Protein chains: 2
Amino acid sequence: MTDPVAPLEDNTEAATKAAVFCAAERLFALHGFQNVSVRDITAEAGVNLASVNYHFGSKDALLFEIFRRRTAELNRERARMLHEANARHDGKPPVREILEALFAPPLRWGTTDNDRRISVQFIIRSRSEGTPEMREALTNDVSHLARFADALIAARPDLPRETVYWRLHFCLGMVHNNRFAEFDRLHVLSDGATREGDVEGLLKRMLDFAEAGFLA
Amino acid sequence: MTDPVAPLEDNTEAATKAAVFCAAERLFALHGFQNVSVRDITAEAGVNLASVNYHFGSKDALLFEIFRRRTAELNRERARMLHEANARHDGKPPVREILEALFAPPLRWGTTDNDRRISVQFIIRSRSEGTPEMREALTNDVSHLARFADALIAARPDLPRETVYWRLHFCLGMVHNNRFAEFDRLHVLSDGATREGDVEGLLKRMLDFAEAGFLA
DNA sequence: GTCTATAGATGGATAGAC
DNA sequence: GTCTATCCATCTATAGAC
């Protein structure tokens, strides 16, 4: 529950704001945006009803602020890993290490003992349930993805550019499908053979699959 | 607008019910379940407000009926293609043809001049925004997927079973990511290089990628 | 069966006391 | 800044006229 962004040591304004932020993120991630009311959030956070509008302006503005912060953190971590891969390979990393920079951050956030586990579900959900504002930001704000696309094009200069874009699209689909409900379904289908907890194992499986797909 | 399920030639009870069904499916697919009210649906269908409750019982029951019919149609078409692949290969079709039976039906429904285009978006959306009833059905009703899993296991008996299940999960992620919003984003990212309209081309790209991933 | 009118419940936002 | 009380809009569902 201790959000790294704002301390919770006393009952200052920042503490109330952080409590609302955390409660909203969790409830939205678990139950969906439209299924959570401002009353639910303030009750969960143990603050009064007016707090959301006082600190964030509106319910939608609160949603958007959570969305912006979490996506910025995710993009930063991905960019850092891509930067490190570049440094290791004189600016031309192989496909597998580019994909690892794309896959690893959201997967590692999803580790069962991780507070950020809920943030991943929030981000994935915002992709389909977000406000028009959020969806517009998702559609037009592709600068972070462009760096991955460029790296993949450099790693596979023999492929047509649009082929690389489509394969990046497929990889993103693999990432976005890692929702609680889909894991549960897979668990039922495989009769318990698939263990959700093994994040590093799943990362390796995803990299094996996607790397082979890229080298086709 | 002419739904194949019910004729619209006159103002019978069935015609009203079909009009509500079609209007609801389109509005839900375009704007999300929670963002569409019974008033929106009846206004779009040109019928009175009480029609939804009279013909379907409730808003959620209407949702569930659309969901059940469309998923049943999709599963039937996939099963038919898998059956044909089995017939062509003495009951042991190769990975690529199994995956084609999984990918082709929803993709071909998505052709721009197809009335079923909207049905695919509805099904994809129900996966993340559905009612608890729908999500329970999605989680526990895996018999149609089990046939694909079994076929893939038979095609790749050298792989551990759980590896096949995970790779099937990855393939489903590729399918579920084919939403309008994601196509738009990819269009922006690739600066227009990816054309959404070429369904058969996209099917080939998906099969190339996933087949290679399976043969890793 | 179809439609109008309305009940009954809920939610977002805000005024105003402290 | 915090909190209570409340306004007002919107929604689902239904009763009852025709």
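Scope of the values below: all heavy atoms of this structure, side chains included, with no hydrogens, waters or symmetry mates. Note that this is a predicted model, so its numbers are computed, not measured.
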Rounded to the nearest Å, what distance is computed from the [atom1] atom of residue [X] to the [atom2] atom of nucleotide [N]?
X	N	atom1	atom2	answer
Arg39(A)	dT10(C)	CZ	C1'	7 Å
Phe56(A)	dG1(D)	CZ	P	14 Å
Asn35(B)	dG12(C)	CG	P	13 Å
Asn53(A)	dA5(D)	CG	C1'	15 Å
Leu62(A)	dG12(C)	CG	C1'	13 Å
Gln34(B)	dT10(C)	CD	P	15 Å
Leu49(A)	dT14(C)	CG	C1'	10 Å
Ile41(B)	dA13(D)	CD1	C1'	14 Å

Practice problem: Tell me what Ser51(A) touches on the nucleic acid: a base, only sugar-phosphate, or nothing, going by heavy atoms under 4.0 Å. | Solution: nothing

Given [options], which nucleotide is nearest the side-chain atoms of [X]?
X	options	answer
Ala50(B)	dT2(D), dT4(C), dT2(C)	dT4(C)
Lys59(A)	dA13(C), dA13(D), dT4(C)	dA13(C)
Ser58(A)	dT2(C), dA13(C), dG12(C)	dA13(C)

Practice problem: May I ask you to decide if the ring planes of Phe21(A) and Phe56(A) are parallel, tilted or perpendicular, using 30° and 60° as cut-offs? | Solution: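 Answer is tilted, since the angle falls between 30° and 60°.
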
Self-check item: Phe122(B) and Phe28(B) aromatic ring geometry - parallel, tilted or perpendicular at 30°/60° bounds
Solution: tilted

Exercise. Could you pick out which residue, Gly46(A) or Tyr54(B), lies toward the 5' side of DNA chain D when each is mapped onto its nearest nucleotide?
Key: Gly46(A)

Quiz item: Any side-chain N or O of His55(B) under 4.0 Å from OP1/OP2 of dT2(C)?
Solution: yes

Quiz item: Can you tell me if the side-chain N/O atoms of Thr16(B) get under 4.0 Å from OP1 or OP2 in dG1(C)?
Solution: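 No, outside the criterion.
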
Quiz item: About how many Å separate CG of Leu172(B) and CG of Leu186(A), when rounded to the nearest 0.5 Å?
Solution: 8.5 Å

Exercise. Report the C-alpha separation of Asp184(B) and Arg179(B) in whole Å, then their side-chain angles, then the decisive distance to 0.1 Å, and conclude whether the salt bridge (charged side-chain N to carboxylate O under 4.0 Å, His left out) test is met.
Key: CA-CA 9 Å; Asp184(B) 290 345; Arg179(B) 282 172 303 205; over 6 Å; no

Self-check item: Donor-acceptor contact below 3.5 Å, side chain Arg70(B) vs main chain Ser119(B)
Solution: no

